[in-house]
Amino acid sequence: MKEDRYYIQRLTEQVFLIRERLFASEGPKPTDRHVRSFDNYHDASQYVSSANELQRELDAQHGHWTQHAIGER
């Protein structure tokens with residue numbers, strides 16, 4: 001089963017980080033790129049769902065994990 005590239009990490013009761021896994025073959029790691037922060041889970045969940053859907057489309061068009069759904073900073 002393929003894991004999503006973007007995921008939510010709960011940092012505190014009110015801070016949810018969106019992170020990008022660095023490698024498709026590995027699970028979440030503390031060194032994964034921080035993409036964005038939210039102060040509620042609902043917004044974080046909607047954001048990560050949209051990002052992963054876009055990522056699946058990019059993977060289908062350009063090859064697995066060759067493009068980023070969310071631009072690098």
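Keep in mind that the numbers below use all heavy atoms, side chains included, and drop hydrogens, waters and symmetry copies. Start at 1 with the first residue, then count along the sequence.
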Closest non-hydrogen atom pair, V48 against Y7:
CG2-N, 3.5 Å
Could you check whether any side-chain N or O of N52 sits under 3.5 Å from a backbone N or O of Y6, counting only pairs where one atom can act as donor and the other as acceptor?
yes
Is it the case that the side chain of R5 and the backbone of E20 share a donor-acceptor pair, with hydrogens and angles ignored and the cut-off at 3.5 Å?
no
Trace of the side-chain contact (heavy atoms from CB on, under 4.5 Å) decision for I8 with L17:
CA-CA 6 Å; I8 300 170; L17 303 180; over 6 Å; no
Quick check against the 3.5 Å criterion: does R33 have a side-chain atom that pairs as donor or acceptor with the backbone of L22?
no
Do side-chain atoms of R56 reach the backbone of D59 as a donor and acceptor pair under 3.5 angstrom?
no
Measure the CG-CD distance between D32 and E26 for me, rounded to the nearest 0.5 Å.
8.5 Å
Would you call the rings of F38 and Y47 parallel, tilted or perpendicular if under 30° counts as parallel and over 60° as perpendicular?
tilted
Heavy-atom nearest pair, S37 first then H34, reads OG-NE2, 2.9 Å
Does R36 use its side chain to pair, donor to acceptor, with the backbone of A44 at less than 3.5 Å?
no
Once rounded to the nearest 0.5 Å, what's the spacing between atom CZ of F16 and atom CG of D39?
8.5 Å
With a 4.0 Å cut-off, would you call D4 and R21 a salt bridge?
no
Whether S45 side chain and Y41 backbone form a donor-acceptor pair below 3.5 Å:
no
